[in-house]
Amino acid sequence: MPSSDIPKERSRQRIQNPIEAWRMQNDVWNHETNLEIDESKNLLEDYNNGLSESEHKIVLKNDFNNSLLLLFLYILQGIPLGLAGSIPLILQSKNVSYSDQAIYSFVFWPFSLKLLWAPLVDAAYFPNFGRRKSWLVPTQYFLGIFMLCLSFEVDALLKSDEHTSPNIVKLTVVFFIFGFLAATQDIAVDGWALTMLSKENVGLASTCNSVGQTAGYFLGNVLFLALESAEFCNTYLRSQAQPTGIITLSGFLVFWGIVFMVSTTLVMIFKKENLGQTSLHVSQQGIKETYKSLICIVKLPAVLNFCIMLLTAKIGFSAADEVTGLKLVEFGVPKEQLAILAVPMVPLQILFPFVISKYTAGRKPLDVFYWAMPFRLFMGIIFALVVFWTPMVKQGTEFPVYYYGVLLFSYALHQVTVYSIYVAIMAFNAKISDPSIGGTYMTLLNTISNLAGNWPATLALWMVDPLTIKKCIGAPEQSCRSAIDSELCAKSGGFCSITTDGYYVESALCIFIGLAWWLCCGNKFRNLQDEHPSTWQFKRNNLKSP
C-alpha cells in the first residue's frame, strides 16, 4: 500500500510501549503477605545456620516437582494478562477511539486493587480441601470455562464494519472479570508457593514467579500477536502467503481453556494440602483486623502525605508511556514488531535493578527518584520527536532497519529511567514498612504505587481525542469530531486531516505538569525519607474500639 502524506482516519487502540508493558507487569505482580515476610526471615536464619552442599542438593531434589508445579501455575497466571494486553492491538483496524481505549484500560486495574479482597482469600477456605486449593481450583475452573465460552463470542465482540464498531463496554466487562479471576489466582498461588516448598528452598518461589509469569505473558501477548498476524507468518513462517495467521483468537482461547480445565483437575486430584476441619473456616477477626489496619496506616500523617504526592507524581509520564506506542502503530509501525521489541529489553530489565540497588539500598532511596524524574520527563520529548519522525522515514509500508535501532535505543534509555524510579519507590516502601504488621503495610504501599500509574494512564488515553483538532477537507460542511462524523465526511467525498494532534498537546502538558511537580513537590517528597522512623510506625491500640 502506498504511503500518504495525510494521516488517514483509522482505528485507535491502546498500546503500551514495550517498556511500560513490562514495567506494569512487574508492578501488578508485586504481592506480599505476612507469610512471605516470616518465611523470608526463617529462610535467612536457615542459611545462617548453614546446610552442607550435599544436604542442600537433597532438599532441592525433594522440591523439584513442587518447583515445576509452581512454575506451571505462574505460567498459567500470565496467560490471561498477556491476552488482555493483546486485545487493544487486535483493535488496530477497528473503529475504536482513544476514549474507547481509556474505557478498556480499566481491565488492568484488578491487579492493582487485589489488596481489597486478598485478606478474604487468605482467611476463608475449606480445611478439608486445602487452604490454597479452596480458591485456586474454582478460580482456574472459572478461567477455563470463561475462555471456552468467550471463544464463541469474542469475534462478535470485536466485529466492526462501516455501520458498527467493537463493543468496548462488553469487552471491558468481560476482560475485567478475566483480570479479577487472574488476580485472585495470583493471591492463592503466591500464598501456596511459600508453604509448598521447604524452608531451605522457599527462595525458589520468587524465581518460579518471575520466570513463570514472564513466560506466560510472553505466550499470551508477544507470541500470540506474532502467530495471529498474517503479515508476520507470511514473512517469516510460510513459503506461500495466506490471508490469516497461523492461529486465531478464538482458537487460542479454546486451547488454553482446555489446558486450564485439565491441569486444574490434575492439581485437584493429585496435589494434597494439610487436612483440617470439614466445615468452611473463616477467620472473621483476622479479616476485620486486617482492614482496620489498612485504614489506620493510611491515617498516619506521614503515610497520607506520601500517598498523596505519589498519586500525583506520575502524571508527567502518562502521555509518553501510554500513547506513544499507539501513535507509532497509527503511523504504520507493525504491532507485532512493536511487541517483539520487548524481548531484547528483558536482560536490561533483569540486570539494571541490581545495578541501581546499590544506590537505593541506603538511607535515601528517594534521591534516585528525585534525580531520575527529570530524565524520564525528558524522554517524553524524545518519544514525541520519534513519533513526529516516524512518517518521514516510512518507505511504502516498511521501515528501514535503522529506524528500529533508534526506537530500540530510545526505549532502552526510557527503561533506565523507569527502573530507577520503580526500584527507588519499592526500596522506600520496604524501608518505611512497619515490620510489626508485615506484608499488609508493604502491600498497601505497593498498591498505591500501582494506582499512581494506572489512573494517569486512563486519563491520558481519555484526553487524546478531545485535544485533537481535525478538519474535513473536501466537505467543509462536515466535521471530524467523532468517528461517526469522520464517516460522514468520507461519504461526502472528503477526508479528515489532523490540524492539531492531541498527542503532542498532551505530551507538552504532561511534561509541564511533571516539571512543576518536580520543582514544587520534589524536595518535599525527597524529605519524607528524613522523617523519624516512629512517624511510619503502626500503633495497634488504634484497632481497639473506643
*For side chain to side chain donor-acceptor pair (under 3.5 Å), just list the numbers for Tyr141 and Thr265, CA-CA rounded to whole Å, side-chain angles, deciding distance to a tenth of an Å, and then say yes or no.*
CA-CA 8 Å; Tyr141 270 134; Thr265 302; 2.6 Å; yes
*Can you find a heavy atom in the side chain of Val154 that is under 4.5 Å from one in the side chain of Val174?*
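Result no, sub-4.5 Å side-chain heavy-atom pair not found.
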*Can you tell if the side chain of Gln213 reaches within under 4.5 Å of the side chain of Leu81, non-hydrogen atoms only?*
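Contact flag for Gln213/Leu81 side chains = no.
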[X]-[Y] aromatic ring centre distance below 6.0 Å:
{"X": "Phe252", "Y": "Phe224", "result": "yes"}
{"X": "Tyr411", "Y": "Phe383", "result": "yes"}
{"X": "Phe106", "Y": "Phe176", "result": "no"}

*Return yes if some donor-acceptor pair links the side-chain N/O of Ser229 with the main-chain N/O of Ala226 below 3.5 Å, else return no.*
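It does not hold such a pair.
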_Any donor-acceptor N/O pair, Asp100 side chain to Ile168 backbone, under 3.5 Å_ =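 Such a contact is absent between Asp100 side chain and Ile168 backbone.
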Say whether [X] and [Y], considering side chains only, have a donor N or O and an acceptor N or O under 3.5 Å apart.
{"X": "Thr184", "Y": "Trp117", "result": "yes"}
{"X": "Thr324", "Y": "Tyr503", "result": "yes"}
{"X": "Tyr403", "Y": "Thr390", "result": "yes"}

For [X] and [Y], work out which heavy atoms get closest and say how close.
{"X": "Asn221", "Y": "Ser86", "value": "ND2-N, 3.5 Å"}
{"X": "Val393", "Y": "Tyr402", "value": "CG1-OH, 4.0 Å"}
{"X": "Ile421", "Y": "Arg376", "value": "CD1-CD, 3.6 Å"}
{"X": "Ala182", "Y": "Leu143", "value": "N-CD2, 4.3 Å"}
{"X": "Cys233", "Y": "Leu227", "value": "SG-O, 3.3 Å"}

*With sequence neighbours left out, write down each residue that passes disulfide (SG to SG under 2.5 Å) with Cys510, or none if nothing qualifies.*
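Residues passing disulfide (SG to SG under 2.5 Å) with Cys510: none at all.
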*Which of parallel (below 30°), tilted (30 to 60°) and perpendicular (above 60°) describes Phe388 and Tyr504?*
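Perpendicular.
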*On the 0 to 90° scale, with breaks at 30° and 60°, tag the Tyr104-Phe108 ring pair as parallel, tilted or perpendicular.*
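Perpendicular: the ring planes of Tyr104 and Phe108 meet at over 60°.
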*Would Asp321 and Lys314 pass as an ion pair if we require N to O under 4.0 Å?*
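Salt bridge: no.
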*asked:* Walk me through whether Cys472 and Cys496 qualify under disulfide bond (SG atoms under 2.5 Å apart).
replied: CA-CA 5 Å; Cys472 184; Cys496 288; 5.3 Å; no
*Does Lys471 NZ have over 12 foreign heavy atoms under 6.0 Å away?*
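Not more than 12 within 6.0 Å, no.
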